[in-house]
Amino acid sequence: MTNFSNGRSGSRRRSFLKPTEDPLWLKLLLGAVTIGFIAILLLLPLALVFKEALAGGLGGFWKSITEPDALASVRLSLIAAAIAVPLNTVFGIAAAWAIAKYDFRGKTFLVTLIDLPFSVSPVVAGLIYVLVFGMQGWLGPTLADHDIHILFALPGIVLVTVFVTFPFVARELIPLMVDQGRDEEEAAATLGATGFQTFLRVTLPNIKWGLLYGILLCNARALGEFGAVSVVSGHIRGVTNTMPLHVQLLYDNYDYAGAFTVAALLAMLALVTLALKSLLEWRYADELAAAHRH
Amino acid sequence: MSLTVDSVTKKFRRFPALNGASFVAPQGSFVSLLGPSGSGKTTLLRILGGLEFADSGSVRFADLNWLDMPARTRNAGFVFQQYALFKHMTVADNIAFGLRVRPRNKRPSNADIQKRVTELLALVQLPGLEDRYPSQLSGGQRQRVALARALAIEPRMLLLDEPFGALDAKVRKELRADLRRIHDHAGVTTVFVTHDQEEAFAVADLVAVMKDGRIEQYGAPADVRRNPRTPFVSEFLSA
Ligand SMILES: Nc1ncnc2c1ncn2[C@@H]1O[C@H](COP(=O)(O)OP(=O)(O)OP(=O)(O)O)[C@@H](O)[C@H]1O
Ligand SMILES: [Mg+2]
């Protein structure tokens, strides 16, 4: 006891720093390392992408973008996202609703399953679909008999995109809805509202910003996915190449201007998403904080 | 049109929260549910409101098989301990909610809804607060709005779960007097859960003392106070 109090008074005399405060040189070093990393690994490459894309001037940029195969890849990416994002939005809302508002066996297991696409490598995700729908797969021969094409066609691309972007909306909504509890929904029920009325008038307004945020993240990934789509696409130029695949194809064919132009377009989509996300974060900080408290 | 609760049981997983609770309340009566924490008061109230399902037993109200009806068709106003107001709606929209979700042929016109909201706000003594949001109200004001919202649907039954739990003694006294006045005015059957025995005895026609998921004693406040039937009741009341 005596030793302990001696030790305490000794250390009090020695140090004027707050317990959580680090010395100045450490703060400067950490700051410099962080900024250096961001500059070298993130900003520089991004700037280079735009520089290379514009190497041939605005005219060259425009020409590369309006090239039919590039346009086809943009269209394919947008179609895949336009199908995958709404599907996963509906699924994400339904899953979050079930998990937050009801008690049932196997709930934790369901949450783990929802996270699966995050922990499985996208290439593996693609291969799963090849195993199921490929000519050597379970359903492949049957589907081929009926002239239904999943692999190396739009359905396959949409399927893997759905798989890969599956968790985004649900992950965003589950903590938010768990946090909000069931009180308002129960109140609505006692006031005579049907389930659907309750959802539209009570649940949805309470989650709308978190939902939008989840949709943005989902969309960004849907447009940017490379690995899984690469496995099932078949790389048919102008037909089954999405934007990321088209970038790779142009690059492999030494068409650097073209590759960087499409890459710049992808990067621009990402930047717009980022800007919207920051706007949401800034405007609705409180509600989103509730979503990330867990 | 009386309320008959008969041997209602409810288990959560294996834990019995209600163990055969029974009581009969005449139409228009005001019943207080009193009892220690964990005795099953909230569970019983939520079963009456349709927010929880009973395992066995029956409840009849107004000659209806009450437990077979979903919450939204029971027309029972529920006031929650934590208010459960709709955060993103104004006071007026909160109160109007139960009228706006009615099927089209039973829905009052917008003008009528507005009129009703004004009347209800006057009834709970909050005139002029239509455009506030719940976050801009004090606890007592929120609870009054919650009460007005429950009353807007012209309920046949009013269920209140420790509605004044979070408020200070003076506001509680005011609110319970208002509640009794509103109960008499509306002619509903009211079940009121409270921790506070002084409150239970002051406001109710009938008091039910609960213990371990059962109703230990049930009767008029004066009778229960004068003749506690079990050692538990007398101990609980003298605590
Ligand atoms: N959803 C639930 N899951 C599991 N057990 C529950 C649940 N709800 C209530 N219980 C249990 O049932 C018992 C009765 O709970 P109830 O909420 O009805 O008590 P109460 O009388 O309202 O208590 P309090 O005065 O503290 O509000 C308690 O032991 C509680 O732990
Ligand atoms: Mg309770």
Side-chain angles (χ1 to χ4, degrees), chain A residues 93 96-110 172-173 175-214 280 283-293, chain B residues 12-13 42 45-53 69-90 93-104 106-107 133-135 142 145-161 163:
Chain A
I93 292 172
W97 174 283
I99 285 164
K101 313 285 176 187
Y102 299 101
D103 291 316
F104 53 90
R105 251 170 229 275
K107 199 156 146 172
T108 13
F109 184 61
L110 181 62
E172 202 57 44
L173 291 185
L176 185 65
M177 285 170 81
V178 167
D179 196 60
Q180 286 175 345
R182 315 173 195 185
D183 296 4
E184 291 189 29
E185 279 80 8
E186 288 183 346
T190 64
L191 292 167
T194 61
F196 189 60
Q197 285 173 321
T198 303
F199 176 72
L200 278 188
R201 288 165 182 258
V202 177
T203 310
L204 202 55
N206 274 334
I207 60 168
K208 61 181 175 227
W209 299 117
L211 178 63
L212 210 54
Y213 190 89
L280 281 183
R283 177 73 181 73
Y284 301 100
D286 298 347
E287 288 170 56
L288 289 169
H292 289 285
R293 204 176 299 140
Chain B
F12 289 108
R13 306 255 155 73
T42 297
L45 200 71
R46 288 171 60 83
I47 287 174
L48 291 178
L51 301 176
E52 208 83 72
F53 299 102
M69 301 164 65
R72 81 187 159 77
T73 62
R74 290 192 193 188
N75 202 27
F78 206 110
V79 179
F80 298 82
Q81 179 164 11
Q82 297 304 329
Y83 321 119
L85 290 174
F86 305 125
K87 292 188 281 294
H88 62 285
M89 293 184 203
T90 61
D93 289 339
N94 263 281
I95 297 174
F97 184 89
L99 300 174
R100 295 218 172 104
V101 296
R102 282 187 184 170
R104 196 177 296 276
K106 288 190 202 143
R107 194 184 310 154
Y133 282 89
S135 60
R142 284 180 207 178
V145 173
L147 187 58
R149 181 179 70 175
L151 291 167
I153 58 171
E154 290 166 333
R156 32 189 175 182
M157 187 190 280
L158 198 52
L159 303 167
L160 307 105
D161 191 1

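Reminder, nothing fancy here: chain letters follow the sequence lines and each chain counts from 1.
Closest approach of N206(A) and K87(B) over heavy atoms only: OD1-CE, 4.2 Å.
The contact between L85(B) and chain A is made entirely by backbone atoms, counting heavy-atom distances below 4.5 Å. Within the 4.5 angstrom heavy-atom criterion, atoms from both the backbone and the side chain of F86(B) approach chain A. Using a 4.5 Å cut-off between heavy atoms, A150(B) touches chain A through its backbone atoms (N, CA, C, O) alone. R46(B) touches chain A through its side chain: at least one heavy atom from C-beta onward sits under 4.5 Å away, while N, CA, C and O do not. At a 4.5 Å heavy-atom cutoff, the contact between R201(A) and chain B is made by backbone and side-chain atoms alike.
For L212(A), the side chain to side chain contact (heavy atoms under 4.5 Å, CB included) partners two or more places apart in sequence, or in a different chain, are W209(A), L280(A). Partners of Q82(B) according to the side chain to side chain contact (heavy atoms under 4.5 Å, CB included) rule, which considers only residues two or more places apart in sequence or in another chain, are D183(A).
In this structure, K208(A) and H88(B) have side chains that are not in contact, with every pair of non-hydrogen atoms separated by 4.5 Å or more.
Note that CG of N94(B) and CD of E184(A) are 8.0 Å apart. Values are rounded to the nearest 0.5 Å. One finds the CZ atom of R100(B) at 12.5 Å from the CD atom of Q197(A) (value rounded to the nearest 0.5 Å).
Using non-hydrogen atoms only and a strict 4.5 Å limit, the part of residues 186-196 of chain A facing chain B consists of E186(A), A187(A), A188(A), A189(A), T190(A), L191(A), G192(A), A193(A), T194(A). Contacts of residues 96-109 of chain A with chain B at a heavy-atom distance below 4.5 Å are absent; not one residue qualifies.
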